[in-house]
> 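Here you go, one structure.
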Amino acid sequence: MTPYGRRGVHGQTVEALARRILGGQIPEGATLDLVALQSELDVSLTALRESLKVLAAKGMVDARQRRGTFVRARSDWNLLDADVLRWQFEGGSTTGADRALLRNLAEVRAIVEPAAARLAAERRTDEDLAALEEALQAMALDGADAAHAVEADLAFHRGLLAATHNELLQRMEMVIESGLAHRDRIVHSAPHSEDPVPAHRRVLDAVRAGDPDAAESAMRALLEQAGRDLERLGTQDETKGPGPK
């Protein structure tokens, strides 16, 4: 999915408004001053209203007579929307709400991906195995930069969900990918993280062997390794103390 920021003035306006809401500059319950926002963002009132329709569809804003357009409570936001997830991770840190969101993601993955690995072992096709192998080989390339490693990891987990041949599970990639990409960027750019290839290889070997128990176990081990990487980074951040990092 192409980020809204790459979709012209309309998309950039959506991104700007979303960042302000998620960052707290426009707090929950606040009524939007459309005239002021139009001037600040240097857009037409039509473009501004169209952008607000996008955020309304994601549960972030609403409009009422006499009250105007206002920010809805976070509990009303569509937190599973791929754009909302991505916007929440754009700060690029591992502190505060961002770290809590990563923990939430880890819990979701612990529920979904071991079960997906089990189904993949039962249902995978030759095409599924080829896609997983290709992703794993890309992950193992020597000299690959962080961006390449992130994309290869995403391709592997996307391929695993596809191998379940369950349409609803496949759609879970929208939930997992944004957070996984953010987590991967942090981990792959940091020194001393564990090599992810062997853990992924064990998952693929079990899926290829058609062994659901082994596939589920290997995926749980992979997720445990991912958790250790994040814990290690969190510990490093705490030992640095305040100030630039």
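Note that the numbering runs from 1 along the sequence shown for the chain.
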> What's the spacing between Leu160 CG and Leu204 CG if we round to 0.5 Å?
9.0 Å
> Can you pull out every side-chain hydrogen bond (donor to acceptor under 3.5 Å, both in side chains) where at least one residue sits in residues 205-220? Sequence neighbours excluded, please.
Arg118-Asp213, Arg118-Glu216, Glu133-Arg208, Glu216-Arg220
> Between Val61 and Leu52, which heavy-atom pair has the shortest distance, and what is it?
CG2-O, 3.5 Å
> Quick one: closest heavy-atom pair of Ala121 and Ala215, and the distance?
CB-CB, 4.0 Å
> For Gly159 and Leu132, which heavy atoms make the closest approach, and how far apart are they?
C-CD2, 3.8 Å
> Where is the tightest heavy-atom contact between Arg72 and Gly59, given as atom of each residue plus distance?
CD-O, 3.3 Å
> When rounded to the nearest 0.5 angstrom, what distance separates CG in Leu129 from CG in Leu136?
12.0 Å
> Does a side-chain N-to-carboxylate-O contact under 4.0 Å join Arg19 and Glu15?
yes
> How many angstroms lie between atom NE2 of His148 and atom CE of Met139, to the nearest 0.5 angstrom?
9.0 Å
> Do the side chain of Gln225 and the main chain of Asp195 share a donor and acceptor less than 3.5 angstrom apart?
yes
> If you measure from CG on Asp62 to OG1 on Thr69, what distance do you get to the nearest 0.5 Å?
8.0 Å
> Show your working on side-chain contact (heavy atoms from CB on, under 4.5 Å) between Leu32 and Phe70 and close with a plain yes or no.
CA-CA 6 Å; Leu32 304 182; Phe70 62 95; over 6 Å; no
> Any heavy-atom pair between the side chains of Val112 and Val175 that's under 4.5 Å?
no
> Test of understanding: with salt bridge (charged side-chain N to carboxylate O under 4.0 Å, His left out), list the residues that count as partners of Glu50, not counting sequence neighbours.
Lys53
> Contact between Val54 and His10 at the side-chain level, heavy atoms closer than 4.5 Å - yes or no?
yes
> For Val207 and Ala117, work out which heavy atoms get closest and say how close.
CG2-O, 4.1 Å
> What is the distance from atom CE of Met174 to atom CG of Leu85, rounded to the nearest 0.5 Å?
9.5 Å
> For a 4.5 angstrom cut-off between non-hydrogen side-chain atoms, does Leu79 reach Gln88?
yes
> Would you please test Leu17 and Leu48 for side-chain contact (heavy atoms from CB on, under 4.5 Å) and show each step?
CA-CA 9 Å; Leu17 290 169; Leu48 180 59; 3.8 Å; yes
> Arg49 and Leu34: side-chain contact (heavy atoms from CB on, under 4.5 Å), yes or no, with the steps?
CA-CA 9 Å; Arg49 290 188 184 280; Leu34 300 190; 3.7 Å; yes
> Could you list all the side-chain hydrogen bond (donor to acceptor under 3.5 Å, both in side chains) pairs where at least one residue sits in residues 27-47, not counting sequence neighbours?
Arg20-Glu40
> For Arg67, enumerate each residue passing the salt bridge (charged side-chain N to carboxylate O under 4.0 Å, His left out) test, keeping only those at least two apart in sequence or located in another chain.
none
> Once side-chain hydrogen bond (donor to acceptor under 3.5 Å, both in side chains) is applied, what residue pairs with a partner in residues 154-172 remain, sequence neighbours excluded?
Glu113-His157, Asp128-His165, Asp153-His157, His157-His200, Arg158-Glu177
> Under the side chain to side chain donor-acceptor pair (under 3.5 Å) test, which residues partner Asn104, sequence neighbours left out?
none
> How many angstroms lie between OG1 in Thr13 and CG in Leu37, if you round to the nearest 0.5 Å?
10.0 Å
